[in-house]
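No experiment lies behind these values; they were computed from the predicted model shown.
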Amino acid sequence: MGNEKKEDVSEIAARKLLEDRGIKIKDIAELVMYLQQKYHKNLKMEDCIFNVERVLSKREVQNAILTGIQLDILAENNLLQEPLQSIIKADESLYGVDEILAFSIVNVYGSIGFTNYGYIDKQKPLILQHLNDKTSGKCHTFLDDIVGAIAAAASSRLAHRSARSE
Ligand code: MG
């Protein structure tokens, strides 16, 4: 029971952080739709939302959200030590830990997730384009990868489930 309670705390905190950083469940579900609509003819927005919700209920995913967004916020407020402060604030492309952290989300639903993640990370559609706008003054070094990874994981989940029901 102790664990169950802790999970609730993590899930609530992770969801609140996403919301505070301007990310709605619908934004992530739209990325799932973008990734999956060519494979599932009658894919509905509610199916995409459902799968995003299931991904957010996983502890590994909550941990990645809590860690990554915390680092974004600290960097945005110049509260990290150097050299990490400058690296994260500048979103240096060779840093790479943001992507490694995102892999812990993608990993939850197996290897299709990596393909989806790679694709969406290259295309940067919808909300990801907005997150990559460096002129906002916000630091989204971790958030963009986290959002892309949740969408990729939800897409894999959706693909696995529909393959099983066919
Ligand atoms: Mg990044």
Side-chain angles (χ1 to χ4, degrees), residues 10-11 13-39 48 51-160:
S10 291
E11 181 162 358
R15 285 171 178 273
K16 184 172 186 306
L17 273 178
L18 282 174
E19 202 184 305
D20 288 350
R21 303 299 282 173
I23 304 298
K24 298 184 187 76
I25 303 294
K26 191 178 141 275
D27 297 323
I28 309 176
E30 280 170 355
L31 292 172
V32 178
M33 182 60 88
Y34 174 88
L35 283 168
Q36 291 297 307
Q37 61 190 354
K38 51 186 174 290
Y39 307 112
C48 298
N51 281 283
V52 171
E53 295 282 1
R54 298 312 299 153
V55 170
L56 289 176
S57 72
K58 294 276 179 185
R59 175 51 80 80
E60 300 93 319
V61 175
Q62 294 156 12
N63 286 341
I65 293 169
L66 295 175
T67 308
I69 295 181
Q70 184 72 231
L71 286 165
D72 277 351
I73 293 170
L74 289 171
E76 202 171 284
N77 293 299
N78 299 308
L79 290 170
L80 293 170
Q81 293 182 5
E82 293 294 357
L84 192 61
Q85 171 62 39
S86 300
I87 292 169
I88 295 182
K89 198 161 190 183
D91 196 5
E92 279 184 22
S93 56
L94 291 176
Y95 173 57
V97 180
D98 44 347
E99 279 143 33
I100 302 291
L101 185 75
F103 288 162
S104 69
I105 295 176
V106 176
N107 205 23
V108 172
Y109 292 102
S111 60
I112 319 176
F114 286 92
T115 313
N116 283 328
Y117 175 77
Y119 180 72
I120 213 167
D121 186 48
K122 276 236 153 56
Q123 301 288 317
K124 300 206 189 305
L126 305 159
I127 188 76
L128 293 181
Q129 191 184 1
H130 167 74
L131 289 178
N132 270 279
D133 176 11
K134 302 273 192 302
T135 63
S136 69
K138 295 277 181 189
C139 178
H140 293 145
T141 297
F142 282 87
L143 185 61
D144 63 340
D145 297 286
I146 287 169
V147 168
I150 297 169
S155 297
S156 314
R157 190 182 187 283
L158 196 146
H160 282 305

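Atom NZ of K134 has more than 12 heavy atoms from other residues, nucleotides or ligands within 6.0 Å. Within 6.0 Å of NZ in K16 there are 12 or fewer heavy atoms belonging to other residues, nucleotides or ligands. Around CD of E82, the count of heavy atoms belonging to other residues, nucleotides or ligands within 6.0 Å exceeds 12. Atom OH of Y95 has more than 12 heavy atoms from other residues, nucleotides or ligands within 6.0 Å. At most 12 non-hydrogen atoms from other residues, nucleotides or ligands lie less than 6.0 angstrom from NZ of K122. For CD of Q129, the number of neighbouring non-hydrogen atoms (other residues, nucleotides, ligands) closer than 6.0 Å is 12 at most.
D27 contributes no side-chain N or O that, together with a main-chain N or O of I127, makes up a donor-acceptor pair within less than 3.5 Å. Judged by distance alone, with hydrogens and angles left aside, the side-chain atoms of E92 form no donor-acceptor pair with the main-chain N or O of I87 at under 3.5 Å. Between the side chain of D144 and the backbone N or O of L131 there is no donor-acceptor pair closer than 3.5 Å.
With values rounded to the nearest 0.5 angstrom, I150 atom CD1 is found 5.0 Å from L56 atom CG. Note that the NE2 atom of H140 and the CG atom of D98 stand 13.0 Å from one another [nearest 0.5 Å]. Note: D72 CG to I88 CD1 = 7.5 Å, rounded to the nearest 0.5 Å. Interatomic distance, I69 CD1 to T141 OG1, rounded to the nearest 0.5 Å: 12.0 Å. Taken to the nearest 0.5 Å, the SG atom of C139 stands 8.0 Å off from the CD atom of Q85. Here CZ of F114 is found 4.5 Å from CG of N107. Values are rounded to the nearest 0.5 Å.
Side-chain contact between R21 and I73: present, with at least one pair of heavy atoms (C-beta onward) separated by less than 4.5 Å. The shortest side-chain heavy-atom distance between L18 and L143 falls under the 4.5 Å cut-off. For the pair I120 and L35, the minimum side-chain heavy-atom distance is below 4.5 Å. Within the 4.5 Å cutoff, the side chain of K89 has heavy atoms near those of the N78 side chain. Using a 4.5 Å cut-off on side-chain heavy atoms (C-beta onward), F103 and D145 make no contact.
When every heavy atom of R54 is checked against every heavy atom of Y109, the shortest pair comes out as O-OH, 4.1 Å. The shortest heavy-atom contact between V32 and A154 is CG2-CB, 3.7 Å. When all heavy atoms of A64 and S104 are compared, the pair lying nearest together is CB-OG, 3.7 Å. Scanning both residues, A149 and A102, for their nearest heavy atoms gives CB-O, 3.5 Å. Counting all heavy atoms, side chain and backbone alike, I146 lies closest to G68 at CD1-CA, 3.9 Å. Residues L158 and Q36 approach most closely at CD2-OE1, 4.2 Å, considering heavy atoms.
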Is there a side chain to side chain contact (heavy atoms under 4.5 Å, CB included) between L80 and L71 once you walk through the steps? CA-CA 8 Å; L80 293 170; L71 286 165; 4.0 Å; yes
Run the numbers on V108 and V55 for side chain to side chain contact (heavy atoms under 4.5 Å, CB included), then give the verdict. CA-CA 8 Å; V108 172; V55 170; over 6 Å; no
For a side chain to side chain contact (heavy atoms under 4.5 Å, CB included) check, start with the C-alpha distance between S57 and E11, then their side-chain angles and the critical distance, and finish with the verdict. CA-CA 7 Å; S57 72; E11 181 162 358; 4.1 Å; yes
Pair R157-K58, side chain to side chain contact (heavy atoms under 4.5 Å, CB included): steps then yes or no: CA-CA 12 Å; R157 190 182 187 283; K58 294 276 179 185; over 6 Å; no
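For E19 and R15, the salt-bridge test fails: no basic side-chain N is under 4.0 Å from an acidic carboxylate O.
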